[in-house]
Amino acid sequence: MKARYIIVIFIFIMLYLCLKQVYFYKRAKSAEKNGKLIEATDNYVLVVYMHIPFSPLEKRAIDRLIKISKIFHRKKELRKELYVYERLRSAIYGTRWIRTPHKEILGILEDKISTIKANMLIQDGYKKSFKDTKKELLHIMKTDLSPNPFFSLIGLLSFVLFILTTVFAILKCTERNRVDYIRIAKFFPIILSFWIVWITMMYLA
C-alpha cells in the first residue's frame, strides 16, 4: 500500500511539473511573439526550473533562450545578453541534485558570461588584460562552492538513521521505566557508525 501511495505522489508531482512547463512555455512564446524578450526570457527560464528528465520543452526553452541572447548580441545590448546567460545558468544549477541537468551547455554559458563581464570591466577601467580578466572570471564561476549533492544525501540519510536507531534502541531496551544498559550497549556500535558517517559526510560536502 505504501508503495502505491509513493507512486501516486510521484505521478502527481510529474504531472504538476509538466503542466507548469507547458504554462510557462506558452507565456514565453506569447511574450517573444510580442517582442517582450526579457519577459520571454523569464518564462523560458521557469520552464527549465520545472525540471523533468528528458523533457522536450526544456530543450526547446534553452534553444529559444540562446536565440534571444543572439538577438541582444546583434543589437549590442550586452547587459540584456548577459542577463539571459546568467538566468539560464542559475536555472540549470537551481535544478541540480545528484547530477546537473543540461551540464553540456554550462561551459558555453560560462565562456559567454566571462567574455561579456571581462569587456565590461575593462571598459570601466579595470587594469588587467582581457585575457587575464576573463581567466579570473572563469575560475570563479568554475569553482564549485555549493555542497556536494551526493555527500549531502549520504549525510542526511545517515543522520536520519542515527536518530531512528537511537530512538528504537531506547524504546526496545526500556521496560517499566527501567533501561537495560547491557542490551542498549549492543546498539551502540551501529549508532556510533551512523553518527561518524553523518559527521564525515557533512565535512566532505
Side-chain angles (χ1 to χ4, degrees), residues 6-126 130-131 133-147 149 152:
I6 292 172
I7 292 170
V8 169
I9 292 171
F10 177 77
I11 292 172
F12 176 79
I13 292 171
M14 295 299 285
L15 181 61
Y16 173 79
L17 291 174
C18 282
L19 291 173
K20 294 295 281 185
Q21 279 194 345
V22 172
Y23 170 73
F24 288 124
Y25 190 83
K26 286 182 176 178
R27 286 191 60 179
K29 288 291 286 184
S30 176
E32 186 180 2
K33 186 178 179 180
N34 292 320
K36 300 176 181 178
L37 297 184
I38 292 298
E39 183 180 334
T41 296
D42 292 337
N43 281 281
Y44 281 132
V45 163
L46 288 171
V47 174
V48 180
Y49 267 118
M50 303 293 121
H51 173 62
I52 304 171
F54 311 111
S55 167
L57 280 184
E58 282 180 53
K59 179 65 171 62
R60 290 180 204 167
I62 291 172
D63 289 342
R64 296 311 307 168
L65 286 165
I66 297 300
K67 288 182 179 179
I68 289 172
S69 70
K70 289 179 179 178
I71 292 172
F72 287 137
H73 182 77
R74 286 196 299 270
K75 292 181 176 180
K76 300 187 183 303
E77 296 179 327
L78 296 184
R79 293 188 184 278
K80 291 181 179 179
E81 182 187 0
L82 179 63
Y83 177 80
V84 177
Y85 290 137
E86 289 192 322
R87 290 281 281 141
L88 178 54
R89 182 176 180 270
S90 296
I92 292 173
Y93 274 117
T95 56
R96 183 172 74 163
W97 190 49
I98 296 299
R99 59 180 291 274
T100 304
H102 314 294
K103 192 174 182 179
E104 67 283 354
I105 200 173
L106 283 174
I108 297 171
L109 295 176
E110 288 167 351
D111 182 73
K112 296 287 188 182
I113 291 169
S114 60
T115 298
I116 295 171
K117 283 189 172 182
N119 279 319
M120 286 179 171
L121 284 169
I122 289 170
Q123 287 173 11
D124 289 340
Y126 197 64
F130 169 80
K131 183 178 179 180
T133 306
K134 180 177 178 178
K135 186 177 179 180
E136 284 181 358
L137 292 168
L138 271 174
H139 176 72
I140 292 168
M141 282 190 288
K142 291 183 181 296
T143 301
D144 192 353
L145 299 177
S146 60
S152 297

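Screening Glu136, Glu110, Glu86 against Lys117 for a salt bridge (Lys or Arg N to Asp or Glu O under 4.0 Å) leaves a single residue, Glu86. Only one option out of Leu19, Ile13, Leu15 pairs with Leu17 in a side-chain contact (heavy atoms from CB on, under 4.5 Å); it is Ile13.
Asn34 places a side-chain N or O within 3.5 Å of a backbone atom of Ser30 that can act as its donor or acceptor partner. In this structure a side-chain-to-backbone donor-acceptor pair under 3.5 Å is present from Gln21 to Met50. Remark: the backbone N or O of Ile52 is not paired with any side-chain donor or acceptor of Ser55 at under 3.5 angstrom.
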message: side chain to side chain contact (heavy atoms under 4.5 Å, CB included) for Leu78 and Asn119? Distances and angles first, verdict last.
response: CA-CA 10 Å; Leu78 296 184; Asn119 279 319; 5.5 Å; no
message: As a quick check of understanding, evaluate salt bridge (charged side-chain N to carboxylate O under 4.0 Å, His left out) for Asp63 and Lys67, giving each step before the final call.
response: CA-CA 6 Å; Asp63 289 342; Lys67 288 182 179 179; over 6 Å; no
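Closest heavy-atom contact between Ala40 and Ala31: N-CB, 3.7 Å. Smallest separation of non-hydrogen atoms from Val84 and Ser69: CG1-CB, 4.0 Å. The nearest pair of heavy atoms linking Ile66 to Tyr85 is CD1-CE2, 4.5 Å. The minimum heavy-atom distance linking Leu138 with Ser114 is given by the pair CG-OG, 3.5 Å. Across every non-hydrogen atom of Ala28 and Asn43, the tightest pair is CB-CB, 3.6 Å.
In this structure, Arg27 CZ and Asp42 CG are separated by 9.5 Å, a value rounded to the nearest 0.5 Å. Taken from CE in Met141 to OH in Tyr93, the straight-line distance is 9.0 Å, to the nearest 0.5 Å. Atom NZ of Lys20 sits about 8.5 Å away from atom CG of Leu46, to the nearest 0.5 Å.
A ring pair (Phe, Tyr, Trp, His ring centres under 6.0 Å) check over residues 63-84, counting only residues at least two apart or in different chains, returns nothing.
Around CZ of Phe130, the count of heavy atoms belonging to other residues, nucleotides or ligands within 6.0 Å exceeds 12. Applying the 6.0 Å contact sphere to NZ of Lys134 captures more than 12 heavy atoms from other residues, nucleotides or ligands.
Between Tyr44 and Phe24, a ring centre-to-centre spacing not shorter than 6.0 Å is recorded.
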